[in-house]
Amino acid sequence: MKIRVLAVGPKMPAWVNDGAGDYLKRLPRELPVEFVTLALGNRGKNQPAEKASAQEGEAMLAAIRDSDHVVALDLHGHAWSTEQLSGQLQLWREQAKGVASLIGGPDGLDARALARADQRWSLSNLTLPHPLVRVLLAEQVYRAWSISQNHPYHK
């Protein structure tokens, strides 16, 4: 199983790549995580936010594979504990599908991308900055995998 994180936004600062990379390099080859950055929609003074969000949604839908199990990061999604995420990882592995995790742009996820999601996951009730979400996501996948492996970290 491969997890692809489809994230709308600009190129991330080095600290984000370093922080997420620190956790991703600890994962086994059987659980690769790839971050795919999608361009922001055109925003401007006379440009409605919905149009920019729709552009982002089109790019996101084009990047999702037909066979992907889609998990949208959404404020209104399920708030899984790390242990529950470990169970989700196991279920996804049993499905033998790739997972596409969606991170929306400044205005959130386009309605069509949300509709395509098989599950919605809330990292927090807080509004988190996009760079931090990437690091937090990588860290939680690592910790969830560690739980599933009875890793010494959790003893």
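Numbering of residues begins at 1 and proceeds along the displayed sequence.
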Worksheet item: Could you walk me through whether V5 and V33 pass the side-chain contact (heavy atoms from CB on, under 4.5 Å) check?
Response: CA-CA 7 Å; V5 180; V33 177; 4.1 Å; yes
Item to complete: Evaluate the criterion side-chain contact (heavy atoms from CB on, under 4.5 Å) for residue pair V141 and L31; output intermediate values, then yes/no.
Response: CA-CA 9 Å; V141 169; L31 185 59; 4.2 Å; yes
Worksheet entry | Worked check of side-chain contact (heavy atoms from CB on, under 4.5 Å) between I64 and L102 | CA-CA 9 Å; I64 297 170; L102 313 180; 4.0 Å; yes
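Counting heavy atoms from C-beta outward, N17 and F35 have side chains that stay 4.5 Å or more apart. Proximity of E58 to R112: side-chain heavy atoms (C-beta onward) are separated by under 4.5 Å at one or more points. In this structure the side chain of D68 never reaches within 4.5 angstrom of the side chain of V99, judged on heavy atoms. A heavy-atom distance below 4.5 Å is not found between the side chains of V8 and I103. You'll find the side chain of L136 stays beyond 4.5 Å of the side chain of R134, heavy atoms only. Residues R93 and Q90 are in side-chain contact: their nearest non-hydrogen atoms beyond the backbone lie under 4.5 Å apart. By the 4.5 Å heavy-atom criterion applied to side chains, Q119 and H69 are counted as neighbours. Side-chain contact between S101 and L73 is present, with heavy atoms from C-beta onward closer than 4.5 Å.
The CZ atom of R116 sits 8.0 Å away from the CG atom of L61 when rounded to the nearest 0.5 Å. Put simply, CG on L137 and CG on L24 are 8.5 Å apart, with the number rounded to the nearest 0.5 Å. Here the CH2 atom belonging to W80 is positioned 11.5 Å from the CD atom belonging to Q140, to the nearest 0.5 angstrom. Note: E83 CD to Q88 CD = 13.0 Å, rounded to the nearest 0.5 Å. Here the straight-line distance linking atom OG1 of T127 with atom CG of L132 works out to 12.0 Å at 0.5 Å rounding. The distance from atom CD1 of I147 to atom CG of L89, rounded to the nearest 0.5 Å, is 9.5 Å.
No donor-acceptor pair closer than 3.5 Å links the side chain of S53 to the backbone N or O of E50. Side-chain atoms of S146 come within 3.5 Å of backbone atoms of Y142 as a donor-acceptor pair (strictly under, hydrogens ignored). A donor-acceptor pair under 3.5 Å is formed between the side chain of Q84 and the backbone N or O of S81. In this structure, E34 contributes its side chain and K2 its backbone to no donor-acceptor pair below 3.5 Å. Distance alone, capped at 3.5 Å, places no donor-acceptor pair between the R26 side chain and the E139 backbone. Looking only at distances, a side-chain donor or acceptor of S86 sits under 3.5 Å from a matching main-chain atom of A144.
Of all non-hydrogen atoms in W92 and M1, the two that sit nearest each other are CB-SD, 3.4 Å. Between L126 and S124 the shortest heavy-atom distance is N-OG, 2.9 Å. For T37 against G9, the heavy-atom pair with the smallest separation is CG2-O, 3.1 Å. For the pair G57 and D110, the tightest heavy-atom approach, listed with the atom from each and the gap, is CA-CB, 3.6 Å. Of all the heavy atoms in L114 and A72, the pair that sits closest is CD2-CB, 3.9 Å.
In terms of the side chain to side chain contact (heavy atoms under 4.5 Å, CB included) criterion, residue partners of P106 (sequence neighbours excluded) are, by chain and number, L40, R43, E56.
Under the 4.5 Å side-chain contact rule for hydrophobic residues, V36 and V133 do not share a cluster. Grouping the Ile, Leu, Val, Met, Phe, Trp and Tyr side chains by contacts below 4.5 angstrom, directly or via other members, places W145 with L123. Both V70 and L109 are assigned to one and the same hydrophobic cluster, defined by single-linkage of ILVMFWY side chains at heavy-atom distances under 4.5 Å.
Residues D118 and R120 are not paired through a salt bridge, judged by the lack of any N-O separation under 4.0 Å between the basic side chain and the carboxylate.
V16 belongs to a hydrophobic cluster whose remaining members, ordered by chain and number, are M12, W15, V135; membership requires side-chain heavy atoms of ILVMFWY residues under 4.5 Å apart, directly or through intermediates.
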